Amino acid sequence: MEVALEEAARGVGLTRPNPPVGAVLVRNGKIIGRGFHPKAGKPHAEILALREAGAAAQGATLYVTLEPCCTQGRTPPCTEAIIRSGIRRVVYGCVDPNPAHAGRADRLLTKAGIQVAAGVLEEPCRELILPFATRIREGRPYVTLKLACSLDGRIADAAGTSKWITGDAARQAVQELRRTADAILVGAETLREDDPSLLPRPARGRKPWRVIVAGRRPLPKQARVFTDGHEERTLVVADRHLRIPGVRCLRVAGSRGRVAMPAVLRALSELDCLHVVCEGGGVLAQSLLKAGLVDELWMFYAPLMLGGDARASVAGRGWKLGEAPAFTITGVLQTGNDVLIKARRR
């Protein structure tokens, strides 16, 4: 199952709207086939592992990170291929989070005389598909809020300068995070101040949407997201009709120049996005937190202080202590001279 998880990781950021899945076939203690789901519409991990194994799959054990699919979608159900293959045993990590499918493959395989075991390395297998499960259960993408701050929680100095608060290692970690995303989200002020590319470097096949939440002020026409040759992956959302050459613009619910973030996320879900990474700024961070839409935090802290007139990581009015958004720390990692704190919504 550990090998299956390694296989699945190769598809993270590529499979929307499907989850990343890895599979390994074992016979007589040797791996005879392996595969990962590379893209929606392409063969699933189990099918690729079966193809690699060929006739040797007869009597083998299949290890797969997610309960095999049992319904016709863009591809046929994997359960049918598994039953035809002569596999004697299927071991999977976690149950399909879709209530309409959960446990159904287990029953079909058992009825066909195949031994089934579930829950092997269940926690990492569930972690792998959190974005998929969030979209299934809540009808929106999973949201990671990434902020790079000084020790006193400032994301830019008083003049708006933020390049660079954190160092090279932290920025490399951000590129890794971007490669897991289906959309990278920023506010209009971040676009004006930083002119980010919002592309993972290197991309390794990933093509996330670059989403700009527009306010009332005009957006800079020469921004990289509008001129770098990847405009087809740029999306501007606003509470009014906008037109930018070569760029997709969406009107979503909002008022007085502010879009409603639940409406933005619903729109991204309709574009098959599973995982959205928000890279600021402070106003957008506050909007997401206030709406209860932040599932995970990636907070990078640099060992410097910017003072009270610098820009706060979360803008606007705060919360009373008993009403503040609460998170559970899941990891603390030193990245070069900076520290990354990961936390998940309680």
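Bear in mind that the values here come from a model prediction, so they are computed numbers and not experimental data.
Cluster annotation: Leu235 and Val213 are assigned to the same hydrophobic cluster (Ile/Leu/Val/Met/Phe/Trp/Tyr, side-chain heavy-atom contacts under 4.5 Å, transitive). Residues Ile341 and Phe300 do not share a hydrophobic cluster, clusters being chains of Ile/Leu/Val/Met/Phe/Trp/Tyr side chains in contact below 4.5 Å. When the side chains of ILVMFWY residues are joined at heavy-atom separations under 4.5 Å, either directly or via intervening members, Val64 and Ile83 end up in a single hydrophobic cluster. One hydrophobic cluster, built from ILVMFWY side chains closer than 4.5 Å, cannot hold both Val332 and Val174; they sit in different ones. Both Leu289 and Leu293 sit in one connected hydrophobic cluster of ILVMFWY residues. Membership requires side-chain heavy atoms under 4.5 Å apart, directly or through other members.
Taking 4.0 Å as the cut-off between side-chain N and carboxylate O, Glu279 and Arg178 count as a salt-bridged pair. Electrostatic pairing of Arg311 and Glu193 counts as a salt bridge here, judged by a charged N lying under 4.0 Å from a carboxylate O.
Residue pairs meeting the ring pair (Phe, Tyr, Trp, His ring centres under 6.0 Å) criterion with at least one partner in residues 8-51, sequence neighbours excluded, are His37-His44. Within the structure, the ring pair (Phe, Tyr, Trp, His ring centres under 6.0 Å) test picks out the following pairs touching residues 137-185 (sequence neighbours left out): Tyr142-His275.
Listed by chain and number, the residues in a salt bridge (Lys or Arg N to Asp or Glu O under 4.0 Å) with Glu189 are Arg192, Arg217 (sequence neighbours excluded). For the side-chain contact (heavy atoms from CB on, under 4.5 Å) test, residues two or more places apart in sequence or in another chain that qualify with Pro208 are Ile184, Pro200, Arg206.
For the salt bridge (Lys or Arg N to Asp or Glu O under 4.0 Å) with Asp182, the qualifying choice from Lys207, Arg233, Arg16 is Arg16, the only one to do so. Test Ile114, Val116, Val90 against Asp106 for side-chain contact (heavy atoms from CB on, under 4.5 Å) and you get one pass: Val116.
Counting heavy atoms from C-beta on, the side chains of Leu48 and Pro38 come closer than 4.5 Å. With a 4.5 Å cut-off on side-chain heavy atoms, Pro141 and Val276 count as touching. Annotation: side chain of Val252 is not in contact with side chain of Asp239 (no heavy-atom distance under 4.5 Å). Side-chain contact between Pro303 and Asp338 is present, with at least one heavy-atom pair separated by less than 4.5 Å. Residues Arg216 and Arg240 meet the side-chain proximity criterion, which asks for heavy atoms closer than 4.5 Å. The closest side-chain heavy-atom distance from Val339 to Leu333 is not below 4.5 Å. Counting only heavy atoms from C-beta outward, the side chains of Arg266 and Arg140 never approach each other to under 4.5 Å. Between Lys342 and Thr328, the closest side-chain pair of non-hydrogen atoms is not below 4.5 Å.
Separation of atoms CD (Glu7) and CZ (Arg34) is listed at 5.5 Å; rounding is to 0.5 Å. For the atom pair CG (Leu50) and CD1 (Ile47), the distance works out to 5.5 Å, reported to the nearest 0.5 Å. Separating the NE2 atom in His101 from the OG1 atom in Thr79 is a distance of 10.5 Å, to the nearest 0.5 Å. Here Gln222 contributes atom CD and Asp228 contributes atom CG; the two are 11.5 Å apart, rounded to the nearest 0.5 Å. Rounding to the nearest 0.5 angstrom, the gap separating the CG atom in Leu62 from the CZ atom in Arg88 is 12.0 Å. For the atom pair SG of Cys125 and CG of Leu5, the computed distance is 4.0 Å after rounding to the nearest 0.5 Å.
Remark: the backbone N or O of Ala170 is not paired with any side-chain donor or acceptor of Thr166 at under 3.5 angstrom. A donor-acceptor pair is defined here as one N or O able to donate and one able to accept, closer than 3.5 Å; such a pair exists between the side chain of Ser287 and the backbone of Val283. One N or O on the side chain of Asp295 and one on the backbone of Val143 form a donor-acceptor pair closer than 3.5 Å. A donor-acceptor contact shorter than 3.5 Å links the side chain of Arg210 to the backbone of Ser197. Here the side chain of Asp195 pairs a donor or acceptor atom with the backbone of Arg224 at under 3.5 angstrom. A donor-acceptor distance shorter than 3.5 angstrom exists from the side chain of Asp152 to the backbone of Gly307, with no hydrogens or angles considered. Arg345 places no side-chain N or O within donor-acceptor distance of the main-chain N or O of Leu297, the cut-off being under 3.5 Å. In this structure a side-chain-to-backbone donor-acceptor pair under 3.5 Å is present from Arg154 to Ala310. Between the side chain of Arg27 and the main chain of Ala56, a donor-acceptor pair closer than 3.5 Å is present. Panel note: side chain Thr110, backbone Arg107; no donor-acceptor pair is recorded below 3.5 Å.
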Leu109 and Ile82: CA distance, side-chain angles, deciding distance, side chain to side chain contact (heavy atoms under 4.5 Å, CB included) verdict: CA-CA 8 Å; Leu109 296 172; Ile82 291 169; 3.8 Å; yes
Verdict with reasoning, Val247 to Phe226, per side chain to side chain contact (heavy atoms under 4.5 Å, CB included): CA-CA 7 Å; Val247 171; Phe226 302 143; 3.7 Å; yes
Chi angles and distances behind the salt bridge (charged side-chain N to carboxylate O under 4.0 Å, His left out) call for Asp272, Arg135: CA-CA 9 Å; Asp272 289 339; Arg135 185 170 183 253; 3.4 Å; yes
Side chain to side chain contact (heavy atoms under 4.5 Å, CB included) evaluation trace for Val277 with Trp298: CA-CA 10 Å; Val277 172; Trp298 278 43; over 6 Å; no
Check against side chain to side chain contact (heavy atoms under 4.5 Å, CB included), Leu288 and Cys278: CA-CA 9 Å; Leu288 288 166; Cys278 176; 3.7 Å; yes
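Within a 6.0 Å radius of CD in Glu138, more than 12 heavy atoms belonging to other residues, nucleotides or ligands are found.
Counting Ile, Leu, Val, Met, Phe, Trp and Tyr side chains that sit under 4.5 Å apart, directly or through other members, Leu306 shares a hydrophobic cluster with Ile165, Leu304.
Listed here is the closest heavy atom pair of Glu67 and Ala105: OE2-N, 3.1 Å. Of all heavy-atom pairs between Gln286 and Trp319, the closest is CG-CH2, 4.4 Å. Closest non-hydrogen pair, Gly280 versus Leu147, comes out as CA-CD2, 4.4 Å. Nearest heavy-atom pair across Ala169 and Gly336 is CB-N, 3.5 Å. In terms of heavy atoms, Gln58 sits closest to Ser85 at OE1-O, 3.6 Å. When all heavy atoms of Glu46 and Leu66 are compared, the pair lying nearest together is OE2-O, 4.5 Å.
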Side-chain donor-acceptor contacts of residues 126-134 below 3.5 Å, not counting sequence neighbours, with atom names and distances?
unit_1, atom_1, unit_2, atom_2, d
Glu127, OE1, Arg344, NH1, 3.2
Glu127, OE1, Arg344, NH2, 3.2
Glu127, OE2, Arg344, NH1, 2.7
Thr134, OG1, Leu130, O, 2.9

